Amino acid sequence: MKIAVVGTGYVGLVTGTCFAETGNVVNCVDVNKAKIEQLKKGKCPIYEPGLDVLLQRNIKEKRILFTTDLKAAVDKSDIIFLALPTPPGEDGSADLKYILNVAEDLSKIIREYKVIVNKSTVPVGTAEKVAEVLGRKLAPELFDVVSNPEFLREGIAVDDFLKPDRVVIGTSSDRARDVMNELYQPFVRQGNPIYFMDERSSEMTKYVANSYLAMRISYMNEVANLCELTGANVDLVRIGIGSDSRIGKRFLFPGIGYGGSCFPKDVLALHHTSKQNKYEFKLLDTVMKVNKNQKKVLFGKIKRFYKNSLKGKKFAMWGLAFKPETDDIRDAPALELINELLNAGAEVTVFDPEAMTNVKALFGNKIKYAKDQYVGLKEADALLIVTEWSEFRNPDFERMVKNLKSKVVFDGRNVYSLEKMEELGFYYNSIGRKIVNGKN
């Protein structure tokens, strides 16, 4: 099939590349000329494992092309995916200006039947708004608008797209349904379902899924805080409840709050939708409040340990991205922790395998950037673990001890076992577990 993808951000680039990988010819469109030139050379602007390999292969095979010319891409395509930003407004609502502006542009250049697909995360009713804009200048038989939300997890997005748990498609058009069904057949050969539904239900599905996962995370963070007060171990509690098939094992790991491009924005947007409909969604109110408080938990532990005197203290921080295997720092807990430490007069040296360039763009020379995880430990009063990258899980503890001024670790992701840290003589303060108070 011939596809146009409007927008070369995270979702657009993964979408376009994966469709090209299954033999489609994809034209990716963006207004950013520098970005398009970079992509034409096979340079991937985001870090996502495996994406660069697929991108370069499909550029070589001329199955994926990049342009700033929307009309040229649309003329060559049967299906047009809108993968554009929907940032939150001041009231929490998703800003649809990019999508509606492109819809206006499309209404001027479409000359034959096209399927317009909302791939962006959009509020309930957006497909109707896009159709309304298109319909001002186009005859109804020239287009159908479809909702096809993405369920990509940063760090494993390529696998998620190529081997999806399910595909959700919202359309009331039999013609569009047939087109979308044919497009997705290569991705569901092992029997994973394509769920067809109305557009509004499809749009709602994405928000409800992310908000539910955010709720699970916030629930376990509350459980972890209670475990600390009662002397229970949240790791054992997690195992105990996760073995219940009604609950399952995933999204039960406590930490210092969720971040990223999806959960904060989508929870806020669903909350706004509920307010628009005069419904008090109490659980979402609590999810947002819990997450905001949880991002302060590690700083609170640090302050108490140093008796509220952090001025001149030096901290090494491992991990900046909101999760491992990505360079995404949007709403990352690390950012708030850095600000709190700086405001308290502390010095911070950071290390992250992928996200340091993005953090440097925010903080500049206010903090230091280590060339590896061990260099950053030199003369640090304590190590703070904020993102659970795999390379942090089995470090050279002898080297850690040699570089650190004191054997003190505050772990926001429960990377190490209590027994190991006790054996090594660390003061080790994690989430939802007892404090190991070894000699330092």
Side-chain angles (χ1 to χ4, degrees), residues 46-47 154-155 217 221 254-265 288 290-389 391-392 395 400 403-406 408-415 427-431:
I46 59 172
Y47 175 75
E154 293 190 42
I217 293 169
N221 284 335
I256 49 175
Y258 59 76
S261 61
C262 293
F263 286 3
K265 176 175 68 74
M288 291 187 290
V290 168
N291 196 58
K292 183 178 179 180
N293 292 339
Q294 197 67 20
K295 288 185 176 182
K296 301 178 186 296
V297 163
L298 204 62
F299 181 68
K301 290 172 177 281
I302 296 165
K303 273 207 315 180
R304 286 191 293 275
F305 181 79
Y306 291 106
K307 298 180 172 58
N308 294 325
S309 180
L310 297 181
K311 190 171 184 179
K313 295 293 182 186
K314 297 180 180 180
F315 295 102
M317 183 180 294
W318 284 1
L320 298 168
F322 85 95
K323 63 179 283 190
E325 301 299 332
T326 182
D327 59 356
D328 194 342
I329 60 168
R330 285 174 285 185
D331 274 310
L335 305 184
E336 185 162 337
L337 181 56
I338 291 171
N339 277 320
E340 295 273 20
L341 292 169
L342 292 178
N343 290 338
E347 296 178 25
V348 183
T349 300
V350 301
F351 175 75
D352 186 284
E354 295 295 336
M356 289 206 290
T357 300
N358 292 338
V359 167
K360 196 167 188 176
L362 288 179
F363 288 96
N365 60 6
K366 293 179 183 178
I367 60 177
K368 296 178 181 177
Y369 307 88
K371 66 179 182 180
D372 67 46
Q373 67 196 79
Y374 299 105
V375 169
L377 299 177
K378 287 185 178 178
E379 294 305 305
D381 291 288
L383 166 62
L384 318 178
I385 300 176
V386 183
T387 312
E388 65 277 28
W389 285 88
E391 61 200 77
F392 300 157
M400 283 174 62
N403 285 358
L404 280 167
K405 187 186 294 184
S406 304
V408 178
V409 176
F410 294 90
D411 184 355
R413 300 296 178 186
N414 291 2
V415 173
Y427 172 88
Y428 180 63
N429 196 328
S430 53
I431 306 296

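The first residue in the sequence is number 1, and the count goes up from there. Owing to the predicted nature of the structure, the values given are computational and were not obtained by experimental measurement.
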Colleague: Applying the side-chain contact (heavy atoms from CB on, under 4.5 Å) test to Ile338, which of Val386, Asn343, Val350 qualifies?
Modeller: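 Running side-chain contact (heavy atoms from CB on, under 4.5 Å) over Val386, Asn343, Val350 with Ile338 returns exactly one hit, Val350.
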Colleague: Where do Pro254 and Ile431 come nearest, in terms of heavy atoms and distance?
Modeller: CB-CG2, 4.1 Å
Colleague: What's the separation between atom CG in Leu298 and atom CZ in Arg413, rounded to the nearest 0.5 Å?
Modeller: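 Answer for the CG-CZ pair, Leu298 versus Arg413, is 9.5 Å.
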Colleague: In Å and rounded to the nearest 0.5 Å, what is the CG to NZ distance from Leu320 to Lys360?
Modeller: 12.5 Å
Colleague: Treating Lys323 as the side-chain partner and Glu154 as the backbone partner, does any N or O pair qualify as donor plus acceptor under 3.5 Å?
Modeller: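 Yes, Lys323 side chain to Glu154 backbone: donor-acceptor pair under 3.5 Å.
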Colleague: Report yes if the side chains of Trp389 and Glu325 come closer than 4.5 Å at any heavy-atom pair, otherwise no.
Modeller: yes
Colleague: Check the pair Thr357 / Asp327 against side-chain contact (heavy atoms from CB on, under 4.5 Å), numbers first and verdict last.
Modeller: CA-CA 9 Å; Thr357 300; Asp327 59 356; over 6 Å; no
Colleague: I'd like to know if the side chain of Lys295 and the backbone of Asp331 have a donor-acceptor N/O pair within less than 3.5 Å.
Modeller: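 Flag set: sc Lys295 to bb Asp331 pair under 3.5 Å.
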Colleague: Checking Phe351 against Leu377 for the side-chain contact (heavy atoms from CB on, under 4.5 Å) test, could you report, in this order, the C-alpha distance in whole Å, the side-chain angles of both residues, the deciding distance, and whether it holds?
Modeller: CA-CA 10 Å; Phe351 175 75; Leu377 299 177; over 6 Å; no
Colleague: Testing the basics here: between Met400 and Pro395, what is the closest heavy-atom pair and its distance to 0.1 Å?
Modeller: SD-CG, 3.5 Å
Colleague: Minimum heavy-atom separation for Asn339 to Phe363, with atom names?
Modeller: OD1-CE2, 3.3 Å
Colleague: Roughly how far, to the nearest 0.5 Å, is CD of Glu379 from OG1 of Thr349?
Modeller: 11.0 Å
Colleague: What are the two closest non-hydrogen atoms of Asn221 and Gly257, and how far apart are they?
Modeller: ND2-N, 3.9 Å
Colleague: Do Lys405 and Asp381 meet the salt-bridge criterion of a basic N to acidic O distance under 4.0 Å?
Modeller: yes
Colleague: Taking C-beta and beyond as the side chain, do Phe263 and Ile217 meet within less than 4.5 Å on heavy atoms?
Modeller: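 Sidechains of Ile217 and Phe263: in contact.
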Colleague: Please determine whether side-chain contact (heavy atoms from CB on, under 4.5 Å) holds for the pair Leu341 and Ile367, giving the CA-CA distance in whole Å, both sets of side-chain angles, and the decisive distance to 0.1 Å.
Modeller: CA-CA 10 Å; Leu341 292 169; Ile367 60 177; over 6 Å; no
Colleague: Between Thr387 and Pro324, which heavy-atom pair has the shortest distance, and what is it?
Modeller: CG2-N, 3.6 Å
Colleague: If I take atom CG from residue Leu404 and atom NZ from residue Lys314, how far apart are they, to the nearest 0.5 angstrom?
Modeller: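 NZ of Lys314 is found 13.0 Å from CG of Leu404.
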Colleague: With rounding to the nearest 0.5 Å, note down the distance linking CG in Asp328 to CD in Glu354.
Modeller: 12.5 Å
Colleague: With distance as the sole test, does Lys368 use its side chain to make a donor-acceptor pair with the main-chain N or O of Ala316 at under 3.5 Å?
Modeller: no
Colleague: So which heavy atom on Pro264 is nearest to which on Gly259, and how close?
Modeller: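 Shortest heavy-atom contact: CD-O, 3.6 Å.
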Colleague: Considering only heavy atoms from C-beta outward, does the side chain of Leu362 approach that of Ile329 to under 4.5 Å?
Modeller: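 Side chain of Leu362 against side chain of Ile329, heavy atoms only: contact under 4.5 Å found.
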Colleague: Can you list every ring pair (Phe, Tyr, Trp, His ring centres under 6.0 Å) pair that touches residues 315-344, not counting sequence neighbours?
Modeller: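 Sorted result for residues 315-344: Tyr306-Phe315, Trp318-Phe392.
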Colleague: Going from CG on Asn308 to CD1 on Ile302, what distance comes out if it is rounded to the nearest 0.5 angstrom?
Modeller: 12.0 Å
